[in-house]
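Please read these numbers as outputs of a predicted model, since none were measured by experiment. First listed ligand is number 1; within each ligand, the first listed atom is number 1.
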Amino acid sequence: MRYVSTRGRAPELPFLGILLSGLAPDGGLYLPTHYPQISRDELEHWRSLDYATLAVEVLRKYIDDIAPDELAVLCRQTYTAQVYGNGRPDSDCTQITPLRWIEPGLGLLELSNGPTLAFKDMAMQLIGALFEHALHRCGEKLNILGATSGDTGSAAEYAMRGRQGINVFMLSPQGRMSAFQRAQMYSLADANIFNLALAGTFDDCQDIVKQVSADLEFKARLNIGTVNSINWARVLAQVVYYVKGYLAATTASTERVSFCVPSGNFGNVFAGWVAKRMGLPIDQLIVATNENNVLDEFFSSGRYRVRPAAQTQVTSSPSMDISKASNFERYVFDIVGRDAEFVRELWWQIDTAGAFDLTGTALWSKVQASGFASGSSTHADRLRVIRELHATVGLLVDPHTADGIKVARERRTAGGAPIICLETALPAKFEETIIEAIGMSPPRPAAFVGIENRPQRCEPLPVDAAAVKRFIEDHAR
Ligand SMILES: *Cc1c(COP(=O)(O)O)cnc(C)c1O
């Protein structure tokens, strides 16, 4: 399998050639040259597989430069009941991603029982194993530099902690994360994890990452890498749970299922698109947004209008406060028939006019025929869903998942395919909103009780790229 860039001006590379990189050198995102197919027989055969074995079957269709038996070792180390048994005590963690029916025709795929209680662990833990494997093979060291407002940083740190050949330098805004998030990251004692607490905002942290990465000499000399949501391997790892969820919800491969996905950067739902393109019998992919509804606007009108950071609302489902969905370019590349020149043209329109509009074009018909639906949710909606599910089913969901359930219910039709909503985090991560909804704190999984009292370690630094570079230089081993 080879990988191409959505902007069409980067060389084709094998999997290991793109694993450690973010953007392609031409500014595009990598995609496989084609989507390998899953036959009906194969799908039926997969029903009996455990999660790790299923992961190997899916991954090997896209990875031919790691031997299948080596891939199997990496998957079996990653997808264990121990790693994914940190969440709800009543969940069957041997399933890794257990499916729970909430009401007739609506299921919840639990993706948040990993070490940081968010679905990002599903892919990030595998990325950690893949990175370590790749670096060992080429004998190199990687210094991962990132910025976080909470969720992504902790998932990355828990995936990379203690790994050979990898250091993590994670910038976070000093004093602007919740006590829980801070404790999650700053209590890690591993020698390869460095938390740099910057005296600024999350945007300041991101700017510093950009500035440091723009110093190409420094970047090359220290082998600076990232683990952001545009990494293809993250998307690929996420394809597996769509297959697993489909199999858990059906008894025969003639049945169809829809998925509803709380979305921000379009990474999670794009993995569903890949699964659908591979032939998984998916009826609809439903994109759920919060008040920052750029994607809902596109799928209901044909107009994709990004917003600057200043117009992005701060909401109670903060991991979806995104108004420029980085993985959306991958979907558009497929919709325009993989015409990279066309993608360049559309993104030129975004850069110059902040939007593109497919209304009334043949492409809009293709979007409408592609099986996507969408909806959005507000603060009041998510509080209502959390309160009501807790009262009726005794199930507590997090604010992002509540956005998904709200939209899934709107989209459900009598006699239609069942909808599986993806659970993107556990309520324990968002105590304030849960208290606002139900008047009490969410239960904490055992591993997180008293986490705020553990010793913490971080490096306070000014908002200054030179200071950050100096720190990396002094600590990269
Ligand atoms: C990252 C995240 C999302 C958004 O996922 P995308 O892949 O960016 O669409 C939704 N919910 C939670 C809790 C997240 O951490």
Parallel, tilted or perpendicular for F356 and Y304, by the 30°/60° rule? tilted

One finds that the ligand 1 atoms under 4.0 Å from a non-hydrogen atom of A425 are 13 (C)

Practice prompt. Evaluate the side chain to side chain contact (heavy atoms under 4.5 Å, CB included) criterion for residues K120 and R234: first the C-alpha distance (whole Å), next the side-chain angles of each, then the deciding distance (0.1 Å), finally the verdict.
Written response: CA-CA 9 Å; K120 295 197 170 64; R234 273 180 74 174; 3.6 Å; yes

Closest to atom 10 (C) of ligand 1 by heavy-atom distance, out of M320, E423, R234, is M320

Please determine if D398 has a nitrogen or oxygen closer than 3.5 Å to a nitrogen or oxygen of ligand 1. no

When W273, F259, W364 are each screened for ring pair (Phe, Tyr, Trp, His ring centres under 6.0 Å) with F372, the one that passes is W273

Margin query: Looking at ligand 1, is there an atom of it that comes within less than 4.0 Å of some heavy atom belonging to S263?
Written below: yes

Atom 7 (O) of ligand 1 sits nearest the protein heavy atom N268 N, 2.9 Å

Establish, for the pair R338 and Y35, whether the NZ or CZ atom is under 6.0 angstrom from the six-membered ring centre and no further than 45 degrees off its axis.
yes

Of all protein heavy atoms, the one nearest atom 14 (C) of ligand 1 is K120 NZ, 2.9 Å

The protein heavy atom nearest to atom 8 (O) of ligand 1 is N265 N, 2.7 Å

Practice prompt. Tell me, please: is F270 in heavy-atom contact with ligand 1, that is, under 4.0 Å?
Written response: no

Ligand 1 N/O within reach of G267 N/O, cut-off under 3.5 Å:
yes

| task | Could you say whether the N/O atoms of A118 and ligand 1 ever approach to under 3.5 Å? | result | no

- Looking at the rings of F328 and F298, which for Trp means the six-membered one, are their centres under 6.0 Å apart? yes

For H400, is at least one N or O under 3.5 Å away from an N or O on ligand 1?
-> no

Going by the 4.0 angstrom heavy-atom rule, the piece of F119 near ligand 1 is side chain

Distance col, row E132:CD vs L142:CG, nearest 0.5 angstrom, shows 11.5 Å

Here the gap from M124 atom CE to E157 atom CD, rounded to the nearest 0.5 Å, amounts to 10.0 Å

Is it the case that the ring center of F15 lies less than 6.0 angstrom away from the ring center of Y62?
no

Can the ring centroids of Y331 and F270 be said to lie less than 6.0 angstrom from one another?
no

Closest to atom 9 (O) of ligand 1 among protein heavy atoms sits G264 N, 2.8 Å

Looking only at protein heavy atoms, what sits closest to atom 11 (N) of ligand 1 is T424 OG1, 3.0 Å

